[in-house]
Amino acid sequence: IYLENGNVIEEATRDRSTYIGGSDIAAILGISKYKTALDVYNAKVNGKSKDDCLLFRLGRHMEPLILDIYVEKMGDNFFEHMIFDFNVYSKEFPFFGAQLDFLGYNCKDGIVIADAKNVKSFRYKEFGGEGTCDIPFDIICQVAWQRYLTGAHHVDIPVFFAEQTELKIFSYYEDKDMESSIASAAMSFWQNHVLA
């Protein structure tokens, strides 16, 4: 499947060492709470990934449920078409990619993507009001990368706060300057570190 910007949607099967993904962006920029640029380098070049902790494994298992609740909150007829769990790659730069949880289409907005999050209580205060983009910057970088690759109208971030037993939906809209800066950082990292 090709998006309007020419980028390609595929099954989520490509080896993650062959592209810069959304979860790599915050680490490359030095703002990730979970990994460093060196961790990304080691994963891409040396095939050494950090151990997948139980929290992240549980979060991935929660994503389908979070997305079910998200679609339910949006309303039965909000999306005309939906696809789940796939990758998108840049046609121009095939080493730019992202694993996406959800893409929906409606006549009003066009493409809307969603990135489900299962957040522990220690991060609860980092989020603002529902419907805003008042979310931690590491998450903003990830979803900005996803929007950049898809050309989506916006990215919804349905976040489940387990201890509070609530789901809030935040939204990120295009920020060309930020997305351009992120793409430049990813290009520099790939050329000057991974390829070098």
Side-chain angles (χ1 to χ4, degrees), residues 1-52 56-57 59-60 63-64 67 79 81-105 109-117 137-157 172-196:
I1 300 172
Y2 292 90
L3 297 167
E4 285 180 18
N5 60 12
N7 290 348
V8 183
I9 289 177
E10 298 177 359
E11 289 184 19
T13 55
R14 191 185 294 187
D15 179 356
R16 290 182 61 91
S17 69
T18 64
Y19 66 93
I20 298 288
S23 62
D24 299 326
I25 295 299
I28 289 169
L29 295 173
I31 58 169
S32 173
K33 294 180 181 297
Y34 306 106
K35 63 183 176 180
T36 66
L38 182 58
D39 293 326
V40 175
Y41 172 86
N42 280 325
K44 306 301 179 199
V45 175
N46 299 320
K48 296 180 181 177
S49 296
K50 287 182 83 169
D51 290 337
D52 207 4
F56 292 142
R57 289 174 58 202
R60 278 194 304 280
E63 286 172 4
L67 291 170
F79 294 111
H81 305 286
M82 297 179 285
I83 56 175
F84 296 85
D85 193 25
F86 62 96
N87 283 12
V88 62
Y89 301 100
S90 168
K91 183 179 180 185
E92 186 177 5
F93 306 113
F95 51 89
F96 282 8
Q99 188 171 352
L100 301 180
D101 297 336
F102 171 91
L103 181 146
Y105 178 85
D109 298 328
I111 293 174
V112 175
I113 58 176
D115 191 57
K117 300 290 182 194
F137 195 59
D138 57 323
I139 296 173
I140 290 175
C141 290
Q142 181 179 9
V143 299
W145 180 251
Q146 294 172 353
R147 203 227 61 84
Y148 165 76
L149 287 172
T150 59
H153 180 265
H154 70 276
V155 183
D156 282 334
I157 307 98
Y172 166 83
Y173 291 85
E174 180 180 24
D175 181 329
K176 286 184 180 179
D177 290 340
M178 181 167 62
E179 291 172 22
S180 177
S181 296
I182 289 170
S184 294
M187 179 68 76
S188 175
F189 183 84
W190 189 263
Q191 291 179 333
N192 297 326
H193 301 290
V194 177
L195 293 184

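Note that these values count all heavy atoms, side chains included, but never hydrogens, waters or copies made by symmetry. Note that the coordinates shown come from a computational prediction; the quantities given were computed from them, not determined experimentally.
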- Note on the structure: SG (Cys141) and CD1 (Ile31) are apart, to the nearest 0.5 Å, by 3.5 Å
- Query: Does the side chain of Ile140 reach to within under 4.5 Å of the side chain of Met178, using non-hydrogen atoms?
  - Reply: yes
- Item | Shortest non-hydrogen separation from Lys35 to Ala27 and the atoms involved | O-CB, 3.5 Å
- Item | Evaluation steps, side chain to side chain contact (heavy atoms under 4.5 Å, CB included), between Val8 and Val88 | CA-CA 5 Å; Val8 183; Val88 62; over 6 Å; no
- Query: His193 and Tyr41: aromatic ring centres closer than 6.0 Å?
  - Reply: no
- Approximate separation, where rounding is to 0.5 Å, of Lys117 NZ and Ile139 CD1: 5.5 Å
- Take Trp190 and Phe96 through the test ring-ring contact (aromatic ring centres under 6.0 Å, His included) and record every step on the way to the result. CA-CA 9 Å; Trp190 189 263; Phe96 282 8; 8.5 Å; no
- Query: Mind checking whether Phe95 and Tyr19 have ring centres under 6.0 Å apart?
  - Reply: no
- Can you tell if the side chain of Asp156 reaches within under 4.5 Å of the side chain of Ile113, non-hydrogen atoms only? no
- Task: Start with the C-alpha gap between Tyr105 and Val112, add the side-chain angles, then the distance that decides, and say whether side chain to side chain contact (heavy atoms under 4.5 Å, CB included) holds.
- Result: CA-CA 6 Å; Tyr105 178 85; Val112 175; over 6 Å; no
- Query: If you take all heavy atoms of Arg16 and Ser23, which pair is closest and at what distance?
  - Reply: NH2-OG, 2.9 Å
- Message: Could you tell me if the side chain of Ile111 sits less than 4.5 Å from the side chain of Leu103, heavy atoms only?
- Response: yes
- Task: Go through the side-chain N and O atoms of Asp175 and Tyr173 and say whether any donor and acceptor fall under 3.5 Å apart.
- Result: no
- Message: Strictly distance-based, threshold 3.5 Å: is any side-chain N or O of Asn192 a donor or acceptor partner for the main-chain N or O of Ser188?
- Response: yes
- For Glu179, the side chain to side chain contact (heavy atoms under 4.5 Å, CB included) test, sequence neighbours excluded, returns Ala144, Arg147, Tyr148, Tyr172, Glu174
- Task: Drop me the distance from Lys44's NZ to Phe189's CZ, to the nearest 0.5 angstrom.
- Result: 8.0 Å
- Query: Would you say Asp115 and Gln146 make side-chain contact, with heavy atoms under 4.5 Å?
  - Reply: yes
- Would you name the heavy atoms of Asp138 and Ala26 that are closest together and state the gap between them? CB-CB, 3.7 Å
- Task: Could you tell me whether a side-chain N or O of Trp145 sits under 3.5 Å from a main-chain N or O of Gly97, the two making a donor and an acceptor?
- Result: yes
- Query: Hey, are the side chains of Ile83 and Ile9 touching, using non-hydrogen atoms and a 4.5 Å cut-off?
  - Reply: yes
- Message: Run His81 and Phe79 through side chain to side chain contact (heavy atoms under 4.5 Å, CB included) and show every step you take.
- Response: CA-CA 6 Å; His81 305 286; Phe79 294 111; over 6 Å; no
- Query: Atom CG of Asn42 and atom NZ of Lys48: how far apart are they, to the nearest 0.5 Å?
  - Reply: 6.5 Å
- For Lys176, does its backbone N or O pair with a side-chain atom of Ser180 as donor and acceptor, under 3.5 Å? no
- Item | Residue pairs, two or more places apart or on separate chains, that pass salt bridge (charged side-chain N to carboxylate O under 4.0 Å, His left out) and touch residues 95-104 | none
- Note on the structure: Nearest heavy-atom contact between Ser17 and Ala43 is CB-O, 3.6 Å
- Item | Considering all heavy atoms, the nearest Leu149-Asn7 contact | O-ND2, 2.7 Å
- Task: Could you pull out the closest heavy-atom pair between Ile182 and Ile25, with the gap in Å?
- Result: CG2-CG2, 3.5 Å
- Message: Taking the side chain as everything from C-beta on, heavy atoms only, tell me whether Ile28 gets closer than 4.5 Å to Ile20.
- Response: yes
- Item | Results of ring pair (Phe, Tyr, Trp, His ring centres under 6.0 Å) for Phe86 - residues two or more places apart only | none
- Query: Are the side chain of Asp24 and the backbone of Gly21 linked by a donor-acceptor contact shorter than 3.5 Å?
  - Reply: yes
